[in-house]
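For reference, the structure discussed in these notes is given below.
Both backbone and side-chain heavy atoms feed into the values below; hydrogens, waters and symmetry mates do not. Because the structure is a prediction, the values reported are computed rather than measured.
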Amino acid sequence: MIVEYTNESFINISHAYCMSVHKAQGSEYPIVILVALRLFGIMLQRRLYYTGITRASKALILIGEEEAFLQAAKNNQVHERQTYLKQRLEGLA
């Protein structure tokens with residue numbers, strides 16, 4: 001569905017803010033807009049999209065490619081984080 005706004009309808013629009021799913025964890029929002037594109041690659045993970053979807057209390061709007069949402073739903077892999085935290089902490093000892 002495509003929605004177009006005219007200058008007269010701008011009075012009905014309020015400011016919104018974008019945040020990552022990670023930052024939204026533990027919170028709930030009336031409306032969540034979740035985007036998925038195949039070019040997101042490694043970010044298309046079931047856990048991440050589940051968390052995003054479950055943040056919505058009243059409405060969820062999915063934008064993007066259906067194939068990307070399907071890919072995220074099927075991808076249950078947990079990727080090991082690439083970090084040097086252990087080495088940095090060992091360097092402090």
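Separating the CG atom in L34 from the OG1 atom in T51 is a distance of 10.0 Å, to the nearest 0.5 Å. With values rounded to the nearest 0.5 angstrom, N75 atom CG is found 8.5 Å from I42 atom CD1. Within the model, atoms CZ of R55 and OH of Y50 stand 8.0 Å from one another, a figure rounded to the nearest 0.5 Å.
The two atoms that bring Q77 and Q45 nearest to each other are O-OE1, 3.9 Å, heavy atoms only. In plain terms, the two heavy atoms of R38 and E65 that are nearest each other are N-OE1, 2.7 Å. The two residues V35 and Y49 have their closest heavy-atom pair at O-OH, 2.9 Å. The heavy-atom pair separating L37 from L44 by the smallest distance is O-CD1, 3.7 Å. The shortest heavy-atom contact between S57 and P30 is OG-CA, 3.3 Å.
Atom CD of E66 has 12 or fewer heavy atoms from other residues, nucleotides or ligands within 6.0 Å. Within 6.0 Å of atom CG in L70, more than 12 heavy atoms from other residues, nucleotides or ligands are found, so the atom counts as buried in its surroundings.
Here the side chains of L48 and M43 are in contact, with some heavy-atom distance below 4.5 Å.
Remark: side-chain polar atoms of R46 are paired, donor with acceptor, to backbone N or O of A73 under 3.5 angstrom.
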